[in-house]
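Sharing a structure below in structure tokens format, with a few things to ask.
Computed from a predicted model, the values in this text were never measured in an experiment.
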Amino acid sequence: MDLPVRGERPGSSRDVLRELGDPRTIAATALQEPGFAPGLAPGAFAGAAKAPACRSPVWLVVLLPVLALGLGYHWVLFGFALKVAGAVVLFRSRYWTSSRKWTGFAPTALAPSLMNVAWFLFSYPNDPPQSAYWTAIVATAVVTLAGAGWLWRVRSGTDAPAA
């Protein structure tokens, strides 16, 4: 429906819009004006400093599963809480790619937790010998420490996101 445009320029709406030009060109021109930059949030200016991302240090990601390993045998819920905290800090971290985060999560939190569950479900009620108990603890420690060591080795050394 063509409505007459009221104002300084008589004519149809389509004629006025056609004379203005392509909307993409208008938007690109507006973004090139001082104070604006592509990729900024609405209302943000190019001169404004970006707020730094709040992330935990890389050593915390490695320390939490190791603490969970040691303290988790004395206080099971505390050890579980440390594993969850370690996983949250790992996945929020900017020091690893997504695939490396999942690869590090498997040996530092997932595998030890599954090993502990398997121990309590299958071995604990049968009163296993002391050697089986210590073998399970050493195996869990080796997996956790190997995962933490791998995470430490493949971390990116900068504050920039891992590529």
- [ ] Please check if Phe91 and Trp59 belong to a single hydrophobic cluster, counting links between Ile, Leu, Val, Met, Phe, Trp and Tyr side chain heavy atoms closer than 4.5 Å.
- [x]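 Yes.
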
Open item on the list: If you count heavy atoms of other groups shown closer than 6.0 angstrom to CG of Leu121, is the number above 12?
Closed with: yes

Open item on the list: Once side-chain hydrogen bond (donor to acceptor under 3.5 Å, both in side chains) is applied, do any residues pair with Ser99, and if so which ones, sequence neighbours excluded?
Closed with: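 side-chain hydrogen bond (donor to acceptor under 3.5 Å, both in side chains) check on Ser99 returns Thr97.
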
Open item on the list: Any heavy-atom pair between the side chains of Val154 and Trp96 that's under 4.5 Å?
Closed with: yes

TODO: Would you verify whether the NZ or CZ of Arg155 falls within 45 degrees of the ring axis of Trp152 while also being under 6.0 Å from that six-membered ring's centre?
DONE: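 Geometry flag: set, cation within 6.0 Å and 45°.
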
Open item on the list: Working to the nearest 0.5 angstrom, can you tell me the gap between Trp150 CH2 and Thr103 OG1?
Closed with: 4.5 Å

- [ ] Give a yes or no on whether the backbone of Ser93 and the side-chain of Lys101 come within a donor-acceptor separation of less than 3.5 Å.
- [x]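 A pair under 3.5 Å: yes.
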
TODO: Following the transitive rule for hydrophobic clusters with a side-chain heavy-atom cut-off under 4.5 Å over Ile, Leu, Val, Met, Phe, Trp and Tyr, establish whether Leu67 and Val142 coincide in one cluster.
DONE: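 They do not share one cluster, since no chain of ILVMFWY contacts under 4.5 Å joins Leu67 to Val142.
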
Open item on the list: For Phe78, is the CZ atom crowded, meaning more than 12 foreign heavy atoms sit under 6.0 Å from it?
Closed with: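 No, because the 6.0 Å sphere around CZ of Phe78 holds 12 heavy atoms or fewer from other groups.
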
- [ ] Can you tell me which residue pairs pass the side-chain hydrogen bond (donor to acceptor under 3.5 Å, both in side chains) test with a partner in residues 128-144, sequence neighbours excluded?
- [x] none

- [ ] Could you check Lys83 against Asn116 for side chain to side chain contact (heavy atoms under 4.5 Å, CB included), going step by step and ending with a plain yes or no?
- [x] CA-CA 13 Å; Lys83 286 180 188 178; Asn116 289 340; 3.3 Å; yes

Task: Hydrophobic cluster membership, Leu82 vs Leu77, 4.5 Å side-chain cutoff - done: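 No, Leu82 and Leu77 fall in different hydrophobic clusters.
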
Task: Side chain proximity check, Leu145 to Thr108, heavy atoms < 4.5 angstrom - done: no

TODO: Give the C-alpha distance, both sets of side-chain angles, the deciding distance and a yes or no for side chain to side chain contact (heavy atoms under 4.5 Å, CB included) between Phe105 and Leu90.
DONE: CA-CA 8 Å; Phe105 170 74; Leu90 171 65; 3.9 Å; yes

Task: Closest contact, heavy atoms only, Pro107 versus Gly147 - done: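 That closest heavy-atom pairing would be CG-CA, 3.5 Å.
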
Task: Heavy-atom side-chain proximity of Trp119 to Pro128 below 4.5 angstrom - done: yes

TODO: State yes or no: do Val143 and Trp102 share one hydrophobic cluster built from I, L, V, M, F, W and Y residues joined by side-chain heavy-atom distances below 4.5 Å, directly or via other members?
DONE: no

- [ ] Locate the shortest heavy-atom distance separating Ala68 from Gly79; write the atom from each residue and the value.
- [x]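 For Ala68 and Gly79, the tightest heavy-atom pair comes out as CB-O, 3.4 Å.
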
Task: Closest approach of Pro57 to Tyr95 (non-hydrogen atoms, all atoms of both residues) - done: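 That closest heavy-atom pairing would be C-CE1, 4.4 Å.
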
- [ ] Is it possible for you to say whether Val58 and Leu63 belong to one hydrophobic cluster, with membership spreading through side-chain heavy-atom contacts below 4.5 Å?
- [x]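 Same cluster: Val58 reaches Leu63 through Ile, Leu, Val, Met, Phe, Trp or Tyr contacts under 4.5 Å.
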
